[in-house]
Student: 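Following this message is one structure expressed as structure tokens.
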Number of protein chains: 2
Amino acid sequence: MALRHAVLAALLDGEYSGYQLAKIFDVSVSNYWHAVPQQLYTELSKLESEGLIKGRQVIQHDRPNKRVYTVTPAGMDELERFATVPTKPGIIREDLLVLVQAVDHISVKPIIEQLEERALAAEAKVELFTRVLEGLRGDLDEETYLRKGEPIGPYLTCLRGLAHEQSTHQWVTNTARLLRERIAEPAEESES
Amino acid sequence: MALRHAVLAALLDGEYSGYQLAKIFDVSVSNYWHAVPQQLYTELSKLESEGLIKGRQVIQHDRPNKRVYTVTPAGMDELERFATVPTKPGIIREDLLVLVQAVDHISVKPIIEQLEERALAAEAKVELFTRVLEGLRGDLDEETYLRKGEPIGPYLTCLRGLAHEQSTHQWVTNTARLLRERIAEPAEESES
DNA sequence: GCCACCATGTAAGGGGTTACATGATTTT
DNA sequence: AAAATCATGTAACCCCTTACATGGTGGC
């Protein structure tokens with residue numbers, strides 16, 4: 001039950017509505033916490049009813065009204081408490097890797113194609129995160145920002161996302177190439 | 001609903017019981033698919049009742065009897081079908097990263113400590129995977145095994161796990177060091 | 001006019017997590 | 001004698017996913 005903490009952590013950055021949070025989760029938070037929009041609406045309601053966040057109606061004339069939330073002192077306490085209990089090891093679920101695990105026993109072609117698609121997606125994410133990081137640190141160079149810039153939390157998690165996507169990109173690229181080579185020059189048996 | 005495919009993929013490697021699968025999931029499959037033992041027992045029952053795997057009782061005298069499973073032709077068809085539908089993007093959930101995201105607003109010390117613990121865990125995993133890979137390729141050097149060795153699926157997913165742990169190790173190490181430096185030499189304001 | 005975007009909600013059903021239960025054998 | 005390993009199961013509860021519903025505004 002730690003979606004709540006991911007939401008609280010995201011709201012430390014400023015006031016956001018469920019819809020805005022959904023986009024934030026989609027582009028950056030998804031590096032370390034996956035959640036679909038519907039979960040956020042549900043969780044925001046629960047968090048407010050428990051007093052960990054406080055909602056505020058914002059009337060808009062050019063578009064639908066929205067409700068934006070901020071973390072309450074009780075919410076801060078909850079985060080503080082959460083930081084002291086040992087975190088569980090992270091969980092990963094990757095369909096694509098399941099396919100690769102089975103690659104000796106099923107058709108290789110579709111797997112290679114999916115790997116190559118994923119390579120493109122990873123590349124796009126690398127570029128995106130690179131730009132997000134540039135935006136976060138503004139005029140400062142990276143070394144300076146890491147030493148003194150603020151906020152540092154979002155910067156660090158984004159760096160993690162970048163490293164992860166780079167690592168993913170390398171692996172999917174190598175794996176796709178390797179599997180292609182293996183179907184081009186198979187098993188090497190009985191060169192009779 | 002893709003735990004089933006992770007189980008099927010794992011069973012391609014040989015006959016395993018629920019208990020054995022649990023250990024395999026714990027050490028290697030967890031690189032790309034997290035599941036607790038209880039899920040496996042449940043899923044194995046479902047898969048067998050659907051005819052995708054076939055169980056076989058193994059009588060043991062030195063320890064409790066067990067039931068080992070193999071993938072049926074129907075199970076192979078299901079895997080084959082699964083390989084052709086586009087995979088969903090993977091999901092990640094990391095409590096530790098949630099803490100780092102919030103690091104500007106909560107106590108830093110406990111977070112640093114957890115990062116350092118995680119660094120040790122990552123190091124241990126790197127060593128483990130390195131040895132697993134050695135075991136898988138036997139006498140062959142890596143380049144040769146990648147070109148011709150079999151099975152290649154488990155080798156590739158293990159390589160991914162290794163890369164992931166290395167990347168994690170680097171990030172947690174750097175992040176812990178950086179946060180330590182920042183609390184040693186804070187904000188740098190008003191050097192009056 | 002139609003599609004995309006903004007903005008939120010209810011509800012059903014499936015999947016995942018945790019607690020608890022059982023019991024034999026081997027190791028410390 | 002206690003703890004760890006082997007081995008599997010039932011049940012409750014919570015979380016997550018998906019489908020569906022609603023409705024206003026802005027751009028093509």
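Every heavy atom of this structure was used, including side-chain atoms; hydrogens, water molecules and symmetry mates were not. Order of the sequence lines fixes the chain letters, A, B, ..., with proteins taken first and strands second; residue numbering starts at 1 for each chain.
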Student: Which is more 5' along DNA chain D, the nucleotide nearest A:P64 or the one nearest A:L3? Just name the residue.
Tutor: A:L3
Student: Taking the side chain as everything from C-beta on, heavy atoms only, tell me whether B:L159 gets closer than 4.5 Å to B:E142.
Tutor: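 They are in side-chain contact.
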Student: Taking the side chain as every heavy atom from C-beta outward, state whether A:L99 and A:P110 have any pair of such atoms under 4.5 Å apart.
Tutor: no
Student: How many Å lie between CG on B:L40 and P on C:dT17, as a whole number?
Tutor: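 B:L40 atom CG is separated from C:dT17 atom P by 11 Å.
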Student: When you list every nucleotide of DNA chain D with an atom under 4.0 Å from a heavy atom of chain B, which one comes first 5' to 3', and which comes last?
Tutor: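 Both ends considered, the range comes out as D:dT5 to D:dT18.
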Student: For the helix from C:dG1-D:dC28 to C:dT28-D:dA1, what angle lies between the axis at the first five pairs and the axis at the last five pairs, to 10 degrees?
Tutor: 40°
Student: Share the residues that join A:Y41 in a hydrophobic cluster, the rule being Ile, Leu, Val, Met, Phe, Trp or Tyr side chains under 4.5 Å apart at the heavy-atom level.
Tutor: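 Grouped by the 4.5 Å side-chain rule, A:Y19 form the rest of the cluster around A:Y41.
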Student: Under 4.0 Å: is that the gap between some side-chain N or O of A:S17 and OP1 or OP2 of C:dC6?
Tutor: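 False: A:S17 side-chain N/O out of range (4.0 Å or more) of C:dC6 OP1/OP2.
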Student: Does a side-chain N-to-carboxylate-O contact under 4.0 Å join B:E113 and B:K109?
Tutor: no
Student: Looking across every strand, which nucleic acid part, if any, lies under 4.0 Å from A:R93 by heavy atom: base, sugar-phosphate, or nothing?
Tutor: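 Since only primed, P, OP1 and OP2 atoms lie under 4.0 Å of A:R93, the category is sugar-phosphate.
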Student: Quickly, which of A:E117, A:R118, A:E94 forms a side chain to side chain contact (heavy atoms under 4.5 Å, CB included) with B:T87? Name it, please.
Tutor: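 That would be A:R118; it is the only one of A:E117, A:R118, A:E94 passing the side chain to side chain contact (heavy atoms under 4.5 Å, CB included) with B:T87.
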Student: Over how many whole Å does the gap from B:Y41 atom OH to C:dA21 atom P extend?
Tutor: 18 Å
Student: Mapping A:T42 and A:R63 to their closest nucleotides on DNA chain C, which lands nearer the 5' end?
Tutor: A:R63
Student: Respond yes when some side-chain nitrogen or oxygen of B:H34 is under 4.0 Å from OP1 or OP2 of C:dT17, and no when none is.
Tutor: yes
Student: For the side chain of B:N31 and the backbone of B:S28, is there at least one donor-acceptor N/O pair under 3.5 Å apart?
Tutor: yes
Student: For DNA chain D, which residues of residues 77-92 of chain A approach it to below 4.0 angstrom with any heavy atom?
Tutor: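 Those residues whose heavy atoms fall under 4.0 Å from DNA chain D, taken from residues 77-92 of chain A, amount to none.
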Student: Measure CG/A:N65 against C1'/C:dT8 and give the value in whole Å, please.
Tutor: 12 Å
Student: What I want to check is whether an N or O donor and acceptor connect the side chain of B:Q39 with the base of C:dT18 at under 3.5 Å.
Tutor: no
Student: What is the distance from CZ of A:R56 to P of C:dA7, rounded to the nearest Å?
Tutor: 13 Å
Student: Considering only heavy atoms from C-beta outward, does the side chain of A:T84 approach that of B:S107 to under 4.5 Å?
Tutor: no
Student: Between C:dG16, C:dC5, C:dG15, which one does the side chain of A:Y19 approach most closely?
Tutor: C:dC5
Student: Scan B:Q60 against the nucleic acid and name what it touches under 4.0 Å (heavy atoms): base, sugar-phosphate only, or nothing.
Tutor: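 Sugar-phosphate contact only.
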Student: Could I get the full list of salt bridge (Lys or Arg N to Asp or Glu O under 4.0 Å) partners for B:E50, not counting sequence neighbours?
Tutor: B:R4
Student: Rounded to whole angstrom units, what separation is found between the CH2 atom of B:W33 and the C1' atom of C:dG16?
Tutor: 11 Å
Student: Once the angle between the rings of B:Y145 and B:Y155 is folded into 0 to 90°, is it parallel (under 30°), tilted (30 to 60°) or perpendicular (over 60°)?
Tutor: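 Because their plane-to-plane angle lies in the 30° to 60° range, the rings of B:Y145 and B:Y155 count as tilted.
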Student: Would you say B:I24 ends up clustered with B:L3 if hydrophobic residues are merged whenever their side chains have heavy atoms under 4.5 Å apart, either directly or through other cluster members?
Tutor: yes
Student: Between A:H61 (NE2) and C:dA7 (C1'), how many Å, whole number?
Tutor: 16 Å
Student: Could you tabulate the donor-acceptor pairs under 3.5 Å formed by side-chain atoms of residues 124-134 of chain A, not counting sequence neighbours?
Tutor:
residue: A:E127; atom: OE1; partner: A:R131; partner atom: NH2; Å: 3.3
residue: A:T130; atom: OG1; partner: A:V126; partner atom: O; Å: 2.6

Student: Which whole-number value in Å describes the distance from A:Q38 CD to C:dG14 C1'?
Tutor: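 A:Q38 atom CD is separated from C:dG14 atom C1' by 16 Å.
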Student: How about A:H164 and B:H164: do any of their side-chain heavy atoms sit closer than 4.5 Å?
Tutor: yes
Student: Rounded to whole angstroms, how far apart are NZ on B:K46 and C1' on C:dG13?
Tutor: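 My rounded result for the distance is 12 Å.
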